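Encoded as structure tokens, the structure appears first; notes follow it.
Side chains included, hydrogens not; waters and symmetry mates left out as well; all remaining heavy atoms used. As the structure is a prediction and not an experimental result, all values here were calculated from the model.
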Amino acid sequence: MTKKLLFLLFLTSQLFSQTKLLSWNLENFGQSKSTQEIAFIANTLRDYDIIAIQEVVAGYGGAQAVAQLTDELSLKGAKWDYVVSDPTSSSAYKTERYAFIWKTNQVKKMGDAWLEKKYHLEIDREPYYCTFEYKKKTFTVVNFHAITKSKQPETEIKYFKFLPAEYPQLHLIFTGDFNCPQSHTVFNPLKKMGYTPILIGQKTSLKQACKNTECLASEFDNIFYQPSKLKKIDAGSIPFYKNFNSLKEARKISDHIPIWIEFTLN
């Protein structure tokens with residue numbers, strides 16, 4: 001076997017030893033999204049392996065939109081599957097669902113996904129957990145959508161410091177829309193446990209209209225992981241709004257941009 005072929009095999013093994021997790025608050029994801037908008041979302045997501053979605057409509061249309069998005073993704077060359085949470089336990093006008101969508105040839109879902117039980121009274125939209133197996137190693141994605149900034153999301157994020165001890169056997173990765181920047185002191189307990197955000201100083205919510213070239217408003221979405229358990233290969237966000245003529249048009253897709261991490265497991 002030539003050195004060139006060995007090198008190519010090495011590069012191939014490195015390529016396929018990585019996986020990509022993407023998180024997106026898809027504002028009011030349900031019947032309000034047209035077939036064309038779901039097709040656009042699918043094209044944005046197609047190159048990732050696990051999708052964590054926040055703000056799925058709790059009533060009729062939410063789960064159906066997730067199924068439609070999964071079908072659209074499966075038309076693009078890979079088989080995808082999905083799971084949708086029960087409605088969160090907050091008051092009726094705020095209750096939502098979460099969803100996970102994943103490439104079945106890349107990762108395997110392990111057991112049932114579940115909404116947080118112990119802190120469901122303290123956290124309005126209690127997080128949604130799903131465990132995946134990748135290269136015979138498991139990790140659990142904690143999907144979360146905090147209450148709005150005006151309602152002080154730190155009052156519920158503070159309970160996240162208890163979750164690693166609540167699930168000591170699980171490798172937790174926290175993701176979602178925290179409505180709170182990673183620099184807030186409420187994240188300090190997680191950081192002291194070794195968790196680190198993938199994004200620092202990256203705004204992720206859309207303004208109502210661009211001011212000069214600034215179209216993003218707040219640093220709300222992030223993914224927190226432990227470098228001792230997960231090696232970050234790359235991470236970033238997707239400025240999908242640049243594909244539209246105006247933010248008003250882009251905001252029909254969402255008022256947040258997706259964020260992502262590409263990683264291997266230690």
Looking at Glu37 and Lys252, is there a salt bridge between them, counting it only when a charged N and a carboxylate O are closer than 4.0 Å? no

Between Tyr195 and Tyr225, is the ring centre distance below 6.0 Å? no

Treating Ile, Leu, Val, Met, Phe, Trp and Tyr as nodes and any side-chain heavy-atom pair under 4.5 angstrom as an edge, say whether Leu45 and Phe132 lie in one connected cluster. no

Hey, quick one: are Ile259 and Leu216 part of the same hydrophobic cluster, counting side-chain heavy atoms closer than 4.5 Å, chains of contacts allowed? no

One pair to check against side-chain contact (heavy atoms from CB on, under 4.5 Å): Ser205 and His256. What are the steps and the verdict? CA-CA 4 Å; Ser205 63; His256 287 250; 4.0 Å; yes

Group every Ile, Leu, Val, Met, Phe, Trp and Tyr by side-chain heavy-atom contacts under 4.5 Å, then state whether Ile261 and Leu172 land in the same group. yes

Are Trp114 and Phe144 co-members of a hydrophobic cluster defined by side-chain heavy atoms under 4.5 Å apart? yes

Could you pull out the closest heavy-atom pair between Asn179 and Ala146, with the gap in Å? ND2-O, 3.0 Å

Check this for me: does any side-chain nitrogen of one of Asp49 and Lys103 sit under 4.0 Å from a carboxylate oxygen of the other? yes

Phe139 and Phe263: ring pair (Phe, Tyr, Trp, His ring centres under 6.0 Å), yes or no, with the steps? CA-CA 12 Å; Phe139 58 95; Phe263 64 91; 5.4 Å; yes

Give me the ring orientation class for Phe224 and Phe187: parallel if the planes are under 30° apart, tilted from 30 to 60°, perpendicular past 60°. parallel

Determine whether more than 12 heavy atoms belonging to other residues, nucleotides or ligands lie under 6.0 Å from atom NZ of Lys248. no

Quick one: side chain to side chain donor-acceptor pair (under 3.5 Å) partners of Gln68, sequence neighbours excluded? none

Under the ring-ring contact (aromatic ring centres under 6.0 Å, His included) test against Tyr119, which residue among Phe160, Tyr159, Tyr167 passes? Tyr159

Leu73 and its side chain to side chain contact (heavy atoms under 4.5 Å, CB included) partner, picked from Leu69, Thr70, Leu75, Asp71: Leu69

Sole candidate of Asp177, Asn25, Asn143, Thr175 that passes side chain to side chain donor-acceptor pair (under 3.5 Å) when paired with Gln54: Asn143

Ion pair check, Asp81 and Lys109, cut-off under 4.0 Å: no

Tell me if the aromatic rings of Tyr48 and Trp102 count as close, with their centers under 6.0 Å from one another. no

For Cys180, what residues pass the disulfide (SG to SG under 2.5 Å) criterion, not counting sequence neighbours? none

Carboxylate-amine/guanidinium contact Glu96 Arg125, below 4.0 Å: yes

In this structure, CD1 of Ile101 is separated from CH2 of Trp80 (nearest 0.5 Å) by 7.5 Å

Closest contact, heavy atoms only, Leu206 versus Ala250: CD1-CB, 4.5 Å

